[in-house]
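Both counts, for ligands and for their atoms, begin at 1 and track the order of listing.
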Amino acid sequence: MKTSVRLSPYINPERYKLTLKPDLEGFTFEGDEIIVLNITKPTKEVTLHSKDLKIESAEYIHGDKTSWAGKIKYNPKEEKVTFTFSKNLPKGLGELKVVFQGILNDKMRGFYRSEYEVEGKKKIMATSQLESTDARRAFPSFDEPSKKAIFDVSIMAPPGTTAISNTIESVVKEHESGYMVYNFEPTPKMSTYLLAFIVGEFESIETKTKRGVKVRVFVTPGKLKQAEFALDVASKALDFFEEYFAIPYPLPVLDLIAIPDFSAGAMENWGAITYRETAILVDPDHTSSANKQWVALVIAHELAHQWFGNLVTMEWWTHLWLNEGFASYIEFLAIDHLFPEWDIWTQFVSSDHDSALELDGLQNTHPIEVEVHDPEEISEIFDAVSYSKGSAILRMLANYLGPNKFRDGLRSYLKKHQYSNASTNDLWDAFERVSGKEVKKVMANWTSKPGYPLVSVIQKKDNLILSQERFFSSPLSKKGSIDKTIWSIPFNVLTKAQRSYQQYLMDKKTFNLPLTVDGDWIKLNHDESSFIRVKYSEDLLTLLEKPVQKGELDPIDRLGIVRDAFDLSEAGELPADFALKMARSYKNEPDYVVWSLIASGLHKVRRLIEDDPTLNKHFDLYGQEIFKGIATKMGWEKKRGEKHTDSLLRSLVLSNLGDYGDEETIRRSQELFSDVLKNKSHLEPDLRGVVYSLVAKNGSEKEYDALLSLYKEEDLQEEKNRLSAALGLFKSKALLKKTLKFAFSKEVRPQDTFRIVHYVFVNPEGKDLAWEFVKENWPLILERFGQGGHLLPRFIQPAAVFVNLEKAKDIKTFFKKSPAPGAKMAINQVLEQIESNAAWLKRDKKNIEAFILAS
Ligand code: BES
Ligand code: ZN
C-alpha cells in the first residue's frame with residue numbers, strides 16, 4: 001500500500017507573488033516568488049513541490065527577521081524540495097522568497113513551448129498546462145487542490161509578444177531590458193492547477209456578456225475569422241451558467257486561447273481557458289457539423305468548470321469526478337439551451353452514456369471515487385469512468401429529483417463551498433437538503449463501487465419480476481468476480497397501456513413490479529435515464545419489435561434496446577445472431593443516434609470475423625443490406641434547411657455503406673475526390689471524412705501521395721486530422737508503414753501522433769503492423785509521451801481490437817518488461833477486452849456463420 005504523498009497540514013500558502021520571465025529563444029525561463037505562509041506548528045523544514053526546476057535561493061522573512069535556507073534538498077521521486085532553516089520558523093504568517101529557473105519544455109506540460117508560423121516564419125510561444133500536478137514544473141508550489149491561495153502574477157514578455165494570465169492586466173510597462181512587464185490583477189482564492197501563463201503573438205476578438213463580462217478569443221495571427229463561433233458560444237454560455245448556478249462569474253474577463261500544441265482537448269484555467277485548435281476554431285467553409293458541435297460542447301464544458309472545479313474544487317483527486325463528471329453533464333444542459341435543434345441529450349446517450357457502459361462493464365474498471373496517490377495514478381483516472389459514468393449517474397439523479405430540485409441542490413452546494421473544497425458527500429448533502437430524499441443512500445454504491453447492474457425481467461402470470469446483478473461485458477470477467485453489490489436503482493417504466501411512464505426505486509436484489517402487462521409491450525429504463533442494462537425475457541423482447549418499427553418508442557428507447565442486444569451477446573447472455581437479426585428490423589429507422597449504435601454494434605461483430613476472408617465477405621453483404629436503404633434516403637446532397645442530426649446521419653451511413661464495400665458509394669467518393677484534386681468543386685465539409693476514408697480504403701500509392709500533399713499544404717488542423725486519418729486506412733502494408741513513420745515525423749505535431757497510430761490499429765490490414773511498430777518504437781514513445789502524461793495510454797488502448805489470445809500474451813509479456821507510466825489500467829483493460837473478444841468468437845462463431853451465410 002502506498003503511503004500518502006500529501007504535504008504538511010501545518011504549512012499553508014495564503015498568497016503568491018509570482019514573476020515569470022520566459023526566454024523564447026533559449027527555451028528557458030526565470031522566476032521568483034514570495035509566498036505568504038501561515039505556519040501553525042513551528043518547524044525548521046518547509047517542503048513544497050518542485051519538478052525540473054533549479055532553485056537559486058530560498059529565504060524566510062518573519063517580521064523583521066530574515067533566515068536563509070542553509071540546505072535545499074530535492075526529492076525528485078516525490079517531486080518535492082525541502083528547505084531547511086537553522087532555527088524553527090515560528091507560528092504565524094511569514095514570507096518565503098524563492099528564486100528559480102526552468103526549461104520551456106516540448107512535452108506540453110508545465111510551462112512549455114509551442115510552435116506556430118507568422119507569414120511563413122517560425123515562431124515560439126510559451127504556454128502552460130498545469131493540471132493535474134504540473135504547477136510544480138512552473139514554480140515551486142504547494143501543488144495540491146486544497147492548498148488554495150491568491151495569486152499576483154507578473155509576466156515579463158519579450159518585445160512584440162502579448163502576455164495572458166487568469167485575470168486582467170492592471171499595469172503594462174516597459175522594463176529596461178526591453179521586455180514588457182505585465183502585472184495582472186490578483187486572482188480569487190484558487191488551486192495551483194488552474195493557473196495559466198501564455199506569452200506569444202496573438203490576435204483577438206472580444207465581446208461582452210449581458211452582465212458586462214468581457215469575453216475574448218485569442219488565436220495566432222491569421223485565424224481570427226475562425227474564432228467567431230467560439231466567441232458567440234462562450235458569451236452565451238456564460239450568461240446561461242450565471243443564471244443556472246445563480247452565482248455571477250467572479251472575474252471581469254474570460255479569455256479563450258487557441259494553442260497550436262496542446263496535450264488534452266482543452267483546459268479550464270480560471271479566466272484563461274486554453275484549447276487545442278480543433279476544439280475551438282470553426283471555419284464556416286471547412287468545419288464539419290460534427291466538429292462544430294464538438295467545439296460548442298468543449299466550450300460549454302470548460303465554462304462549467306469555472307464553477308464546478310474552479311469556484312468549488314475537489315478536496316483531493318479521488319473526487320475528480322466532481323469536476324469532470326459534472327462538467328460532462330452540464331455541458332449538455334448548456335448546449336441544449338443554446339442549440340435546441342441539435343437534440344443533444346439524445347446524443348448524450350449514444351456517446352457518454354454508452355462509453356461509460358462499455359468501460360465500466362470490465363472487471364478492470366474502478367469506482368468513481370478511487371484512492372489515488374501519485375501523479376501517475378492521478379492521470380489514469382481522467383477516463384470514461386470519471387467523465388462519462390460520472391455524467392450518466394448525474395443524469396440519473398437529475399431524473400430522480402426533477403430538474404428544479406437538481407438545480408437547487410447544485411446552487412446550494414456551490415454557495416456553501418465557494419472558494420473552498422468539497423467531496424462527494426458534500427454534494428449528496430446539498431441534494432438531501434433541498435429534496436428531502438435519501439440521496440446519499442441511493443447514490444452511495446454508484447460512486448463507491450465499480451460496475452453497474454444488469455436488470456433481468458421476466459413475466460410471471462400478471463406480474464413482472466425484476467432482479468439485479470453486476471453486469472460484465474464478458475462471461476470470463478464475470479467468472480472471476482464475487483461481486484454481490486446491490487444498487488439502489490431509480491428507474492422509469494413505460495407501458496403501452498398507460499402511454500406514460502412511472503418511476504420506481506429498486507433497492508433490492510429482486511423486485512416485483514406491480515403492473516399488469518396483459519400481452520402489451522413494456523419498456524424498462526425509459527429514456528435510458530438509469531445507468532443499467534436490461535435483459536428482457538424472450539417474449540417481452542419480441543413484444544418490443546413493433547413499437548420500435550412503428551416509432552411508438554422514442555429514439556433513446558429504440559437505441560437502448562439494440563445497444564443492449566449487442567452487448568448482451570458479447571456478455572454471453574444472448575446469441576450473436578439474435579442481435580444481427582434485430583439490427584435488420586431497424587432498417588426503417590430514421591434517427592441518427594440509433595444508427596450510430598447499430599453501426600457500432602455491427603462493427604463489434606465484424607471485428608470478430610475480419611481475419612476470415614469468406615466470412616468477412618458475407619458480412620460485408622449483410623452490412624450493405626443494412627445501410628443501403630437509409631444511405632439512399634439520405635443521399636449525397638445536403639437538403640436545404642435539414643436537421644443538424646440529419647447531416648451527421650448522412651456522414652455516418654455513407655461511410656458505413658462504403659466501408660461494407662458498396663461499389664456505387666466507393667465510386668462516388670472517388671469521383672468527388674478527383675474533383676477536389678482538379679480544384680473543380682468545393683467538397684462539403686460533412687462529406688470530407690467519408691470521401692477521404694473511402695478513397696484510402698480502396699486506393700493505392702497515387703491516392704496516398706495526393707492525400708499526403710494535401711496534408712502538407714493544409715493550415716486548418718481539423719482538415720489535417722481528416723487527411724491524416726485516411727493515411728491510416730490504406731490496404732497496402734508498405735503504405736501503412738510509411739504512415740506510421742510519418743506520424744512520428746516533424747510533419748506531425750506530437751499532440752496528433754497517437755491519432756494516426758490509432759487509425760492504423762483499427763484498420764484490419766494495419767493492426768499487426770501498428771502493434772509491432774509501437775513495440776519497436778516504445779523507447780521513442782516513452783521519451784516523448786512517457787512522463788505520466790495522459791497521451792501514453794492512447795498508444796495502447798487501440799490494441800483492444802485484437803481477437804486472438806496470442807496477441808494478448810504478447811502484449812502482456814511486452815509490458816512486463818517495459819515501463820508504461822500512467823498506463824497500468826489501460827493495459828489491463830486492453831488484455832481483458834482481447835480475451836473477451838476471443839471468447840465471444842469461440843462461443844458464437846457457428847451461429848454468426850450460419851446467420852450471415854443464410855442472408
Ligand atoms: N480538465 C480537463 C483537461 C485535462 C484533461 C487536464 C486531462 C489534465 C488531464 C478539461 O476540462 C477536459 O476535460 N477536457 C476534455 C474535453 C472535454 C470536453 C471532455 C479533453 O481535454 O478531452
Ligand atoms: Zn473537464
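- Within ligand 1, counting atoms from 1 as listed, the ones closer than 4.0 Å to a heavy atom of Q129 are 6 (C), 8 (C).
- For a distance threshold of 2.8 Å, the protein N, O or S atoms nearer than that to the Zn ion (ligand 2), listed by chain and number, are H301 NE2, H305 NE2, E324 OE1.
- The ligand atoms of ligand 1 that sit less than 4.0 angstrom from a heavy atom of E268 are 1 (N), 2 (C), 10 (C), 11 (O).
- Given atom 22 (O) of ligand 1, the protein heavy atom at minimum distance is G265 N, 3.7 Å.
- Contact between R276 and ligand 1 is absent, with no heavy atom of the residue lying under 4.0 Å from the ligand.
- Heavy-atom contacts from other residues, nucleotides or ligands closer than 6.0 Å to NZ of K292 number 12 or fewer.
- Annotation: H790 places no N or O atom under 3.5 Å from an N or O atom of ligand 1; distance criterion only.
- In the model, D360 has a side-chain atom that pairs as donor or acceptor with a side-chain atom of T365 under 3.5 Å.
- The atoms of ligand 1 that sit less than 4.0 Å from any heavy atom of H305 are 11 (O).
- Classification of R6 and E144 as a salt-bridged pair holds, one side-chain N sitting under 4.0 Å from a carboxylate O.
- For atom 6 (C) of ligand 1, the closest non-hydrogen atom of the protein is E131 OE1, 3.1 Å.
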Exercise. Given the rule in the side-chain contact (heavy atoms from CB on, under 4.5 Å) test, do N425 and W428 qualify, once you have shown the distances and angles that lead to the verdict?
Worked result: CA-CA 5 Å; N425 258 332; W428 302 153; 3.8 Å; yes
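- For atom 15 (C) of ligand 1, the closest non-hydrogen atom on the protein side is E302 OE2, 4.1 Å.
- At least one heavy atom of V298 lies less than 4.0 angstrom from ligand 1.
- Nearest protein heavy-atom contact of atom 7 (C) of ligand 1 is F382 CD2, 3.3 Å.
- Closest to atom 13 (O) of ligand 1, if we only count protein heavy atoms, is Y387 OH, 2.6 Å.
- Annotation: S132 places no N or O atom under 3.5 Å from an N or O atom of ligand 1; distance criterion only.
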Exercise. Going through the distances and angles, do D283 and E718 end up as a side-chain contact (heavy atoms from CB on, under 4.5 Å)?
Worked result: CA-CA 9 Å; D283 186 315; E718 175 190 345; 6.0 Å; no
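- Between D374 and K77, none of the side-chain N atoms (NZ, or NE/NH1/NH2) sits under 4.0 Å from a carboxylate O, so this pair counts as no salt bridge.
- Ring centroids of H790 and F382 are separated by 6.0 Å or more, keeping the two rings apart.
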Exercise. Does the pair H305 and E324 meet the rule for a side chain to side chain donor-acceptor pair (under 3.5 Å), with working shown?
Worked result: CA-CA 8 Å; H305 277 312; E324 298 304 347; 3.1 Å; yes
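- A salt bridge links D134 with R137: the closest approach of a Lys/Arg side-chain nitrogen to an acidic carboxylate oxygen falls below 4.0 angstrom.
- For the pair A266 and ligand 1, a heavy-atom separation below 4.0 Å is found.
- Checked by distance only, ligand 1 and A264 stay at 3.5 Å or farther apart across all their nitrogen or oxygen atoms.
- Remark: aromatic rings of F785 and F754 are distant, center separation not under 6.0 Å.
- Proximity of the aromatic rings of Y329 and F308 is defined here by a centroid distance below 6.0 angstrom, and this criterion is not met.
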Extract all donor-acceptor atom pairs below 3.5 Å that involve side chains of residues 242-260 and protein atoms in other chains or at least two apart in sequence.
| unit_1 | atom_1 | unit_2 | atom_2 | d |
| --- | --- | --- | --- | --- |
| E242 | OE1 | R211 | NE | 2.9 |
| E242 | OE2 | R211 | NE | 3.0 |
| E242 | OE2 | R211 | NH2 | 2.7 |
| E242 | OE2 | Y249 | N | 2.8 |
| Y249 | OH | V253 | O | 2.9 |
| D255 | OD1 | R216 | NE | 2.6 |
| D255 | OD1 | R216 | NH2 | 3.3 |
| D255 | OD2 | R216 | NH2 | 2.8 |

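- Residue W294 places no N or O, backbone or side chain, under 3.5 Å from any N or O of ligand 1.
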For this session: Go through the steps for F348 and R395 under the test side-chain contact (heavy atoms from CB on, under 4.5 Å), then give the verdict.
Result: CA-CA 10 Å; F348 176 87; R395 180 168 166 268; 3.6 Å; yes
